[in-house]
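A short worksheet on the structure shown next.
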Amino acid sequence: MCNLGEMIEKEAIQKTKQSERKKRNIMVVKNLIHNLNTTFSNAVELLGLPQQEIDEIKKYFQS
């Protein structure tokens with residue numbers, strides 16, 4: 001059984017990984033849009049991202 005400290009550490013690591021993945025996906029989508037002269041929708045479709053991640057990335061591009 002995990003203790004509280006280990007659970008908190010695991011949660012922090014998971015949140016960090018999610019944040020890094022989001023930043024990487026934003027960068028990749030930006031590069032696809034620029035280099036292929038395509039739309040946001042086409043870029044995320046090419047990557048095959050799940051809808052939840054698309055919604056999060058879309059917030060970045062709308063700001």
Side-chain angles (χ1 to χ4, degrees):
M1 186 168 159
C2 295
N3 67 31
L4 181 59
E6 288 174 346
M7 289 174 55
I8 292 171
E9 182 180 6
K10 286 180 182 180
E11 188 175 309
I13 290 170
Q14 182 180 14
K15 286 183 180 183
T16 300
K17 286 181 180 179
Q18 288 173 343
S19 176
E20 289 173 359
R21 182 175 52 241
K22 180 180 172 184
K23 289 177 186 178
R24 185 185 70 241
N25 285 340
I26 288 170
M27 182 185 68
V28 170
V29 169
K30 281 174 58 173
N31 286 339
L32 284 173
I33 291 170
H34 176 74
N35 293 331
L36 298 179
N37 195 27
T38 191
T39 64
F40 174 84
S41 296
N42 287 339
V44 295
E45 184 178 336
L46 284 169
L47 293 173
L49 298 174
Q51 188 61 46
Q52 183 180 2
E53 288 186 40
I54 292 170
D55 294 341
E56 287 296 316
I57 294 171
K58 189 181 282 188
K59 292 175 188 176
Y60 170 83
F61 284 93
Q62 291 175 340
S63 62

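Nothing here was measured: the structure is a model prediction, and the numbers come from that model. Note that these values count all heavy atoms, side chains included, but never hydrogens, waters or copies made by symmetry.
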Hey, is the main chain of Lys15 close enough, under 3.5 Å, to the side chain of Ser19 for a donor-acceptor pair?
-> no

Smallest heavy-atom separation, Ala43 atom then Ile33 atom, equals CB-CG1, 4.0 Å

Around atom OH of Tyr60, are there more than 12 heavy atoms of other residues, nucleotides or ligands at under 6.0 Å?
no

- Does Asn35 reach the main-chain N or O of Asn31 with its side chain, forming a donor-acceptor pair under 3.5 Å? yes

Here the gap from Gln52 atom CD to Ile57 atom CD1, rounded to the nearest 0.5 Å, amounts to 11.0 Å

Distance col, row Glu56:CD vs Arg21:CZ, nearest 0.5 angstrom, shows 11.0 Å

Is any side-chain heavy atom of Gln14 closer than 4.5 Å to one of Gln18? yes

Shortest non-hydrogen pair, Leu32 vs Thr38, comes out as O-CG2, 3.5 Å

Tightest non-hydrogen contact, residues Phe61 and Ile26, listed as CZ-O, 4.0 Å

Are there more than 12 heavy atoms of other residues, nucleotides or ligands under 6.0 Å from atom CD of Glu9?
no

Counting heavy atoms not belonging to Asp55, are there more than 12 under 6.0 Å from its CG?
-> yes

Heavy atoms of other groups near Gln51 CD, more than 12 under 6.0 Å: yes

In this structure, CZ of Phe40 is separated from CD of Glu45 (nearest 0.5 Å) by 12.0 Å

CG of Asn25 to CD of Glu20, rounded to nearest 0.5 Å, is 12.0 Å

What's the verdict on side chain to side chain contact (heavy atoms under 4.5 Å, CB included) for Leu46 and Leu36, showing C-alpha distance, side-chain angles and the deciding distance? CA-CA 11 Å; Leu46 284 169; Leu36 298 179; 4.0 Å; yes

